[in-house]
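Owing to the predicted nature of the structure, the values given are computational and were not obtained by experimental measurement.
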Amino acid sequence: MGNRAGGRRTGPKCIAIVGPFASGKTTLLEALLARAGAIQRQNSIAAGNTVGDSSPEARAHAMSVEATVATIDFMGEQITFVDCPGSVEFAAEADAVLAACDAAVVVTEADEKKVPALQAIMRRLDQLKIPRIVFLNKIDRSASGVRDTLKMLQPISRSPLLLRQIPLRRDGVVIGSIDLALERAYVWREHAASEIAEIPGDEKAREIEARFSMLETLADHDDNLMEQLLDEVAPPVEEVFDDLAADLREGHVTPVLIGTAERGNGVLRLLKAIRHDVPDIGATAQRLGLDATSNGSISHVLKTIHTAHGGKLSVVRVLSGSLSDGMELTLPDGGTARVSGIYRMLGREQTKLSSATAGETVALGKLERARTGDTLSGG
């Protein structure tokens, strides 16, 4: 493996799903959960039975009105997704969530009317120094080419938008994607694994050009890769993946993946990119100014949920140390509160845990005085 990124970061991750209103965030969350096997099948917003819009308000408005938290196991790793509402009225809720996430997936589509909202989101991610991946959704319905879409979106991104896939078309219809790092074509199947295919002859020139453009951008921060390109030497695939991970973590690039969440297309590639490329809790704790060597328990309250039967739940990200049921935590005002129940969340479903360690995102029961955005310490 190359050495710039220092390999894959293991351990629990927390990823915010953000984007303009009606870009498909809740649909993408549903597709991610289905692909990871956390739910049996992908439901639609129209049917009113998605994990993300489980509250009566969300179903009435057919849009998210609060952040939804869902933890999955994917290829042996724990990933928590927090679907943040896209409508401007609810944007303040996203800030507490974003602070303690390792990275964000920005869901958007080729629609210039959504650019102002997208610009505000990208600016906030810049201010908070949060690495991000753009998921260009509804690609099968897009009339404009991905490169034109990127030209439209580039002015709102401080870092270069780096296209990692291009659409695979047949008779003008998008039927899959071509992965520029792997140089492989994938034919999409609805809610099923894609089929690997040969890159068609008429697409080959487009793939070579798009790949060279991706490598040129990566070479801006890798002299070795720059030399290989100048000498027309094909760089090893491992080195390309290493640069992709390093540049994402360092904020040098914003990778762009494509797909159609409604059909589950492009979702597995996104999950793999998250697992392989995003930073871990160590980097996030450092970004928040915490001493990574401290083994005391520090947690950040992402959001507060009031449940009909179980009372108040505080969703926290454990930034360092660990939490156990019954543990006493210190609030920012110096008061204390005792943990009464630790739960793993999948939308409204809760699974009881006895403890949680650094990196995990869990809900804590009955911390009556804890508020969203608070830092809780213990031990």
Side-chain angles (χ1 to χ4, degrees), residues 15-20 23-25 27-28 31-32 86 103-112 114-115 117-119 121-123 125-126 130-169 174 176-186 188 194 203 206-221 240-241 243-261 265-278:
I15 309 295
I17 302 179
V18 296
S23 295
K25 295 182 296 299
T27 305
L28 178 62
L32 290 162
V105 172
V106 182
V107 186
T108 188
E109 58 189 298
D111 179 354
E112 55 193 56
K114 294 194 173 165
V115 168
L118 196 59
Q119 184 165 18
I121 291 164
M122 293 294 244
R123 198 170 288 156
L125 293 173
D126 282 336
I130 292 170
R132 76 229 46 171
I133 295 170
V134 167
F135 183 75
L136 201 50
N137 194 19
K138 307 178 191 178
I139 199 78
D140 56 337
R141 288 187 231 156
S142 172
S144 52
V146 282
R147 275 185 267 191
D148 289 341
T149 302
L150 253 59
K151 277 194 192 111
M152 172 180 84
L153 298 178
Q154 184 57 67
I156 65 171
S157 175
R158 194 179 286 176
S159 59
L161 294 175
L162 184 79
L163 202 53
R164 284 194 54 169
Q165 299 163 305
I166 56 173
L168 176 65
R169 289 187 167 87
V174 177
S177 66
I178 298 173
D179 188 298
L180 299 176
L182 292 169
E183 293 196 277
R184 264 188 217 150
Y186 293 88
W188 288 333
S194 304
E203 297 275 15
R206 227 166 46 89
E207 183 271 327
I208 289 170
E209 189 189 337
R211 184 171 202 264
F212 187 75
S213 166
M214 177 185 82
L215 294 175
E216 260 189 329
T217 304
L218 293 175
D220 286 344
H221 298 281
V240 175
F241 275 112
D243 276 336
L244 285 165
D247 282 356
L248 169 78
R249 289 175 202 165
E250 289 158 23
H252 294 323
V253 300
T254 297
V256 178
L257 297 173
I258 63 172
T260 298
N265 296 151
V267 170
L268 186 61
R269 178 73 260 163
L270 175 62
L271 273 169
K272 286 182 174 173
I274 288 167
R275 180 177 182 267
H276 187 275
D277 297 348
V278 306

Can you measure from [atom1] ([X]) to [atom2] ([Y]) and round to the nearest 0.5 angstrom?
X	Y	atom1	atom2	answer
I258	L136	CD1	CG	7.5 Å
M152	T108	CE	OG1	7.0 Å
E207	I178	CD	CD1	6.5 Å
W188	L168	CH2	CG	8.5 Å
K138	N265	NZ	CG	14.5 Å
L248	L162	CG	CG	10.0 Å

Within the 4.5 Å heavy-atom criterion, are V240 and E183 side-chain neighbours or not? no
Within-4.5 Å side-chain heavy-atom neighbours: P167 and V146: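 A side-chain contact exists here, since the closest heavy-atom pair is under 4.5 Å.
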For the pair I121 and R132, evaluate side-chain contact (heavy atoms from CB on, under 4.5 Å) and give the outcome as yes or no after the intermediate values. CA-CA 11 Å; I121 291 164; R132 76 229 46 171; over 6 Å; no
For the side chain of [X] and the backbone of [Y], is there at least one donor-acceptor N/O pair under 3.5 Å apart?
X	Y	answer
K25	I17	no
S142	S144	yes
E203	R169	yes

Counterpart residues, side-chain contact (heavy atoms from CB on, under 4.5 Å), relative to [X] (two or more places apart):
X	answer
I208	K204
R123	Q119, Q127
L270	L28, L32, V105, I133, F135, L257, I274
S157	M122, Q154, S159, L161, T254

For [X] against [Y], the heavy-atom pair lying closest together:
X	Y	result
R269	F241	NH2-CE2, 4.2 Å
L163	I166	CD2-CG2, 3.7 Å
T27	A261	CG2-C, 3.9 Å

Any residue meeting salt bridge (charged side-chain N to carboxylate O under 4.0 Å, His left out) with [X], in chain and number order, not counting sequence neighbours:
X	value
R249	none
R147	E209
E112	none
D140	R263

Tabulate below the donor-acceptor pairs under 3.5 Å that side-chain atoms of residues 211-221 make, not counting sequence neighbours, or state none.
{"residue": "R211", "atom": "NE", "partner": "L180", "partner atom": "O", "Å": "2.7"}
{"residue": "R211", "atom": "NH2", "partner": "A181", "partner atom": "O", "Å": "3.4"}
{"residue": "T217", "atom": "OG1", "partner": "S213", "partner atom": "O", "Å": "3.1"}

Tell me, please, which residues at least two apart from D247 pass side-chain hydrogen bond (donor to acceptor under 3.5 Å, both in side chains). R4
With S23 via side-chain hydrogen bond (donor to acceptor under 3.5 Å, both in side chains) - residues at least two apart: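 For S23, no residue satisfies side-chain hydrogen bond (donor to acceptor under 3.5 Å, both in side chains) once neighbours in sequence are set aside.
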Pairs flagged by salt bridge (charged side-chain N to carboxylate O under 4.0 Å, His left out) wherever residues 157-167 is involved - sequence neighbours left out: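 Every salt bridge (charged side-chain N to carboxylate O under 4.0 Å, His left out) pair that includes a residue of residues 157-167, provided the two are not neighbours, is D126-R158, R164-D277.
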